[in-house]
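To start, the structure itself, in structure tokens.
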Amino acid sequence: SPERQIWHCFGCGLGGDAFGFVKQIEGVEFPEALRILAARTGVKLERQSPEYQEFQSAKTKLYEISELAMRFFEKQLHQSGTGREALAYLKDRGLSDDSIKEFHLGYAPDSWNALYDFLGRNYDNAEILNAGLIIKKDTGGYFDRFRSRIMFPIFDLNGQTVGFTGRVFGELAKQADVGKYVNSPQTAIYDKSRVLYGLHAAKLDIRRANRCLVVEGNMDVIMSHQAGAKNVVASSGTALTDGHLKIVKRYTDNLDLCFDADAAGSMATDRGVDLALAKGFNVGIITIRENDLKDPADYVKKYGEKWSEYAQKSKPFMDFYFETAKNAFDLATALGKKLFSQRLMPFLAATANKVEQSHWVSEMALALKIKEEILYQELVSIK
């Protein structure tokens with residue numbers, strides 16, 4: 001009600017003022033809601049501390065520099081020669097023009113100082129360095145952090161550019177000592193342990209679906225959104241952290257994981273399940289079982305919008321581990337039974353709900369052909 005300056009939801013019964021509305025929709029606390037509304041309405045928030053004002057002014061500069069860098073990379077993707085080759089590569093991977101535009105993909109030219117020279121017209125070296133876009137040489141001077149790479153801007157919850165992931169492309173990719181990915185370092189506006197790639201575009205859909213799907217790579221997120229699965233995010237060049245999960249918890253209690261089916265992906269899944277259980281999430285696992293498809297991006301390229309339906313078919317984490325362990329070990333042997341229990345018991349111990357825990361003790365005892373009491377005794381020794 002604009003006249004009364006209040007809102008009310010007849011579905012859940014919640015209501016209040018504009019601050020309460022932003023808190024609910026954005027999943028933030030009052031100070032952040034205040035900052036969001038102030039930015040939207042052009043109101044300048046005043047603080048008594050000169051140090052705070054100076055800190056905020058410095059952060060504003062970093063946001064400006066990051067936004068300008070994003071625009072620079074975008075222009076290079078569409079207008080430079082090698083950039084257009086990178087654009088063709090992205091389209092060959094299955095990305096649409098709309099997806100490339102929506103996520104502001106770009107290209108960092110194969111130059112040591114193209115971005116540095118461009119940003120240096122309006123900002124000093126310290127500001128560009130603090131934004132994580134250049135690196136200081138031991139001998140003095142600076143050079144671009146990102147060179148000959150397809151650029152994926154990273155956005156905060158409010159859609160502001162805070163960092164980048166660069167995927168190597170072109171001649172640089174042929175060098176053996178060059179890493180496939182380079183990520184922005186920690187800065188005053190980019191905390192990689194708290195920023196999830198794609199969350200700015202996914203947060204409302206996570207709330208609507210009451211479920212968040214975490215995948216491994218930037219391309220997985222973009223292709224998922226393109227296919228209609230818009231509740232998908234990825235950790236930004238780091239493992240899933242407690243900070244990531246605290247933010248997801250604002251929107252849903254249900255978390256699905258879909259990582260690559262290699263050793264690194266398996267470890268990331270185990271760690272993600274462990275952290276999510278500690279946060280009280282209902283955890284599910286999504287697996288892609290076709291040999292020629294290693295991740296959601298590959299699935300979308302082959303099957304398109306079918307991914308939107310497939311991404312909803314997660315297995316509860318214990319169902320997943322029980323099935324994979326049962327197939328991996330010979331339960332007719334003592335060693336097989338030992339390895340089977342060693343694989344499952346830590347996850348069983350992390351299951352807080354005693355009813356659910358009891359169910360899986362029964363299932364394990366049946367599979368191993370042993371008494372449940374033995375498994376309960378083992379549970380006591382599991383940390």
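The closest side-chain heavy-atom distance from Leu379 to Leu375 is not below 4.5 Å. Using a 4.5 Å heavy-atom cutoff, the side chains of Met364 and Met345 are in contact. With a 4.5 Å cut-off on side-chain heavy atoms, Asn231 and Tyr251 do not count as touching. Using a 4.5 Å heavy-atom cutoff, the side chains of Arg145 and Leu133 are not in contact. In this structure, the side chains of Pro109 and Ser80 stay at 4.5 Å or more apart for every pair of heavy atoms. Considering only heavy atoms from C-beta on, Tyr89 comes within 4.5 Å of Arg167 through its side chain. Using a 4.5 Å heavy-atom threshold, the side chains of Ser224 and Leu213 count as separate. Within the 4.5 Å cutoff, the side chain of Asn130 has no heavy atoms near those of the Thr187 side chain.
No more than 12 heavy-atom neighbours from other residues, nucleotides or ligands sit within 6.0 angstrom of CG on Asn291. Heavy-atom contacts from other residues, nucleotides or ligands closer than 6.0 Å to CD of Glu305 number 12 or fewer. Heavy-atom contacts from other residues, nucleotides or ligands closer than 6.0 Å to CG of Asp138 number 12 or fewer. Within 6.0 Å of the NZ atom in Lys301, the count of heavy atoms belonging to other residues, nucleotides or ligands exceeds 12.
Looking only at atom types and distance, the side chain of Thr269 has no donor-acceptor partner in the side chain of Ser266 under 3.5 Å away. Judged purely by distance below 3.5 Å, without hydrogens or angles, the side chains of Asn113 and Ser111 pair a donor atom with an acceptor atom. Ser362 and His359 share no side-chain donor-acceptor pair at under 3.5 Å. When only modelled atom types and interatomic distance are considered, Ser148 and Asp110 share no side-chain donor-acceptor pair under 3.5 Å. Side chains of Tyr107 and Glu74: no donor on one and acceptor on the other come within 3.5 Å. Under the 3.5 Å distance criterion, with hydrogens and angles disregarded, a donor-acceptor pair is assigned to the side chains of Ser193 and Asp191.
Looking only at distances, a side-chain donor or acceptor of Asn254 sits under 3.5 Å from a matching main-chain atom of Asn210. With Gln357 contributing its side chain and Leu348 its backbone, the two residues share a donor-acceptor pair below 3.5 Å.
Linking Ile, Leu, Val, Met, Phe, Trp and Tyr whenever their side-chain heavy atoms come within less than 4.5 Å puts Ile374 and Leu368 in one cluster. Taking hydrophobic clusters as Ile, Leu, Val, Met, Phe, Trp and Tyr residues chained together by side-chain heavy-atom distances below 4.5 Å, Leu115 does not share a cluster with Phe169. At a threshold of 4.5 Å between side-chain heavy atoms, the hydrophobic network of Ile, Leu, Val, Met, Phe, Trp and Tyr places Tyr63 and Leu68 in two separate groups.
Paired with Ile285 under the rule side-chain contact (heavy atoms from CB on, under 4.5 Å), one option of Asp319, Thr324, Leu257 passes, and it is Leu257. None of Lys249, Lys279, Arg194, Arg271 except one satisfies the salt bridge (charged side-chain N to carboxylate O under 4.0 Å, His left out) rule with Asp242; the exception is Lys279. Checked options Tyr142, Phe143, Phe146; the residue passing with Trp112 is Phe143 (criterion: ring-ring contact (aromatic ring centres under 6.0 Å, His included)).
Rounding to the nearest 0.5 Å places CG of Asn183 at 11.0 Å from CZ of Phe152. Atom CD1 of Ile150 and atom CD1 of Ile100 lie 9.5 Å apart (nearest 0.5 Å).
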- [ ] Take Arg343 and Asp270 through the test salt bridge (Lys or Arg N to Asp or Glu O under 4.0 Å) and record every step on the way to the result.
- [x] CA-CA 10 Å; Arg343 177 64 174 148; Asp270 290 353; 3.0 Å; yes
- [ ] With salt bridge (Lys or Arg N to Asp or Glu O under 4.0 Å) as the test, would you mind laying out the steps for Lys174 and Glu171 before giving the verdict?
- [x] CA-CA 6 Å; Lys174 299 175 183 178; Glu171 291 298 316; 3.1 Å; yes
- [ ] Go through the steps for Trp7 and Ser1 under the test side-chain hydrogen bond (donor to acceptor under 3.5 Å, both in side chains), then give the verdict.
- [x] CA-CA 6 Å; Trp7 63 279; Ser1 172; over 6 Å; no
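By the salt bridge (Lys or Arg N to Asp or Glu O under 4.0 Å) test, Lys101 pairs with no residue at all, sequence neighbours left out.
Ring orientation note: the planes of Phe73 and Phe164 are nearly perpendicular, at an angle over 60° on the 30°/60° scale. Between Phe103 and His200, the ring-plane angle classifies as perpendicular under the 30° and 60° cut-offs.
For residues 284-298, the pairs satisfying salt bridge (charged side-chain N to carboxylate O under 4.0 Å, His left out) are Arg289-Glu323, Glu290-Lys302, Asp292-Lys302, with sequence neighbours left out. Identified under the salt bridge (charged side-chain N to carboxylate O under 4.0 Å, His left out) test for residues 346-367, with sequence neighbours left out: none.
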Could you pull out all donor-acceptor pairs under 3.5 Å where a side-chain atom in residues 13-25 meets a protein atom, sequence neighbours excluded?
from, atom 1, to, atom 2, distance (Å)
Asp17, OD1, Phe19, N, 3.2
Asp17, OD1, Gly20, N, 2.9

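Taking Ile, Leu, Val, Met, Phe, Trp and Tyr as hydrophobic and joining them when side-chain heavy atoms fall under 4.5 Å apart, one finds Met267 isolated, its cluster having no other members. Clustering of Ile, Leu, Val, Met, Phe, Trp and Tyr by side-chain heavy atoms under 4.5 Å joins Tyr181 with none of the others.
For an aromatic pair to be called close, the ring centres must be under 6.0 Å apart, and Tyr299 with Tyr310 satisfies this. Under the 6.0 Å cut-off for aromatic ring centres, Phe329 and Phe340 do not qualify, their centroids lying 6.0 Å or more apart.
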